[in-house]
A.B. asks: 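Before we start, here is the structure in question, set down as structure tokens.
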Amino acid sequence: MNVNKQLNNFPIDNVIQLIRKKWVVQIINDLFFGKTRFHEFKENRPKLSNRVLSSCLKEMEDNGLIQRIVDKYDKKNVRYYLTEKGKSLNKIIYEMAIFSVDSENYTDQTKTELKSVFREKLL
């Protein structure tokens with residue numbers, strides 16, 4: 001295998017392509033924190049329209065990051081779950097969260113508490 005040729009197709013670009021849309025990382029984070037339903041992803045995000053959320057979820061499903069499960073008895077009961085591929089983003093999401101915490105002007109106690117929650121949920 002020609003490593004130089006492979007580096008021309010920078011491997012990190014593959015990850016960026018998967019999470020490049022505005023809401024994708026937030027949805028993945030929500031899934032790690034136990035949210036599974038459409039309306040839960042919209043909570044506290046007034047600028048996230050139904051159309052954009054539907055599009056993001058569809059693209060994430062097409063990319064193999066999430067699985068859509070429809071209840072066979074209640075077709076309106078739809079839940080989303082991370083696939084193994086989606087779960088494998090945990091370390092990336094964790095590092096992004098830690099970077100964000102370290103970059104903000106939180107108190108040391110708040111930083112410690114946030115990092116503990118992220119460690120618990122993401123690692």
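Computed from a predicted structure; not experimentally measured. Along the sequence shown, residues carry numbers from 1.
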A.B. asks: Using the rule that Ile, Leu, Val, Met, Phe, Trp and Tyr join whenever any side-chain heavy atoms are under 4.5 Å apart, tell me whether Leu53 and Ile69 fall into a single cluster.
C.D. replies: no
A.B. asks: Could you pull out all residues at least two apart from Glu120 that satisfy salt bridge (Lys or Arg N to Asp or Glu O under 4.0 Å)?
C.D. replies: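 Glu120 satisfies salt bridge (Lys or Arg N to Asp or Glu O under 4.0 Å) with no other residue.
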A.B. asks: Could you state the interatomic distance from OH (Tyr80) to CD1 (Ile28), rounded to the nearest 0.5 Å?
C.D. replies: 14.5 Å
A.B. asks: What distance do Arg51 atom CZ and Cys56 atom SG have between them, rounded to the nearest 0.5 Å?
C.D. replies: 10.5 Å
A.B. asks: Let me see the working for Val117 and Phe33 under side-chain contact (heavy atoms from CB on, under 4.5 Å), right down to the final yes or no.
C.D. replies: CA-CA 10 Å; Val117 170; Phe33 279 79; 3.6 Å; yes
A.B. asks: Is there a donor-acceptor pair under 3.5 Å between the side chain of Ser116 and the backbone N or O of Thr112?
C.D. replies: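 Answer holds: no.
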A.B. asks: Quick one: pull up NZ in Lys75 and CG in Asp71 and give me the separation to the nearest 0.5 Å.
C.D. replies: 8.0 Å
A.B. asks: Going by salt bridge (charged side-chain N to carboxylate O under 4.0 Å, His left out), name the pairs with one or both residues in residues 100-113, residues two or more places apart or in two chains.
C.D. replies: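 Applying salt bridge (charged side-chain N to carboxylate O under 4.0 Å, His left out) to every pair that reaches into residues 100-113, excluding sequence neighbours, yields Asp102-Lys115.
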A.B. asks: Is the side chain of Glu40 donor-acceptor paired with the backbone N or O of Thr36 at a distance under 3.5 Å, no angle test?
C.D. replies: yes
A.B. asks: Compare every heavy atom of Lys42 with every heavy atom of Leu48, then report the nearest pair and how far apart it is.
C.D. replies: O-NZ, 2.7 Å
A.B. asks: For Lys58, what residues pass the salt bridge (Lys or Arg N to Asp or Glu O under 4.0 Å) criterion, not counting sequence neighbours?
C.D. replies: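 Lys58: salt bridge (Lys or Arg N to Asp or Glu O under 4.0 Å) contacts with Asp62.
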A.B. asks: Say you draw a straight line from CE of Met96 to CG of Leu122; how long is it, rounded to the nearest 0.5 Å?
C.D. replies: 11.0 Å
A.B. asks: Please set out all donor-acceptor pairs under 3.5 angstrom arising from side-chain atoms of residues 15-23, sequence neighbours excluded.
C.D. replies:
{"from": "Arg20", "atom 1": "NH1", "to": "Gln17", "atom 2": "O", "distance (Å)": "2.6"}
{"from": "Arg20", "atom 1": "NH1", "to": "Glu59", "atom 2": "OE2", "distance (Å)": "3.2"}
{"from": "Lys21", "atom 1": "NZ", "to": "Ser55", "atom 2": "OG", "distance (Å)": "3.1"}
{"from": "Lys21", "atom 1": "NZ", "to": "Glu59", "atom 2": "OE1", "distance (Å)": "3.1"}

A.B. asks: Can you name the closest pair of heavy atoms from Phe32 and Ile93 and give their distance?
C.D. replies: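 Looking at all heavy atoms of both residues, the shortest contact is CE1-CG1, 4.5 Å.
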A.B. asks: Might you confirm whether atom CG of Asn44 has over 12 heavy atoms from other residues, nucleotides or ligands at distances under 6.0 Å?
C.D. replies: no
A.B. asks: Would you call Val78 and Phe38 a side-chain contact if the rule is heavy atoms closer than 4.5 Å?
C.D. replies: no
A.B. asks: Can Phe118 be reached from Leu123 by stepping across I, L, V, M, F, W or Y side chains whose heavy atoms are under 4.5 Å apart?
C.D. replies: yes
A.B. asks: Enumerate the salt bridge (charged side-chain N to carboxylate O under 4.0 Å, His left out) contacts for residues 26-38, please, sequence neighbours excluded, ordered by first and then second residue.
C.D. replies: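 Every pair satisfying salt bridge (charged side-chain N to carboxylate O under 4.0 Å, His left out) with a residue in residues 26-38: Asp30-Arg45, Lys35-Glu43.
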A.B. asks: Evaluate the side chain to side chain donor-acceptor pair (under 3.5 Å) criterion for residues Thr110 and Thr107: first the C-alpha distance (whole Å), next the side-chain angles of each, then the deciding distance (0.1 Å), finally the verdict.
C.D. replies: CA-CA 5 Å; Thr110 301; Thr107 65; 2.9 Å; yes
A.B. asks: Under 4.5 Å between any side-chain heavy atoms of Ile27 and Met60, yes or no?
C.D. replies: yes
A.B. asks: Please table the atom pairs, donor to acceptor, closer than 3.5 Å between any side-chain atom in residues 81-88 and protein atoms at least two apart or in another chain.
C.D. replies:
{"from": "Thr83", "atom 1": "OG1", "to": "Gly64", "atom 2": "O", "distance (Å)": "2.4"}
{"from": "Thr83", "atom 1": "OG1", "to": "Leu65", "atom 2": "O", "distance (Å)": "3.1"}
{"from": "Thr83", "atom 1": "OG1", "to": "Lys85", "atom 2": "N", "distance (Å)": "3.4"}
{"from": "Thr83", "atom 1": "OG1", "to": "Gly86", "atom 2": "N", "distance (Å)": "3.1"}
{"from": "Lys85", "atom 1": "NZ", "to": "Asn63", "atom 2": "O", "distance (Å)": "2.9"}
{"from": "Ser88", "atom 1": "OG", "to": "Lys85", "atom 2": "O", "distance (Å)": "2.5"}

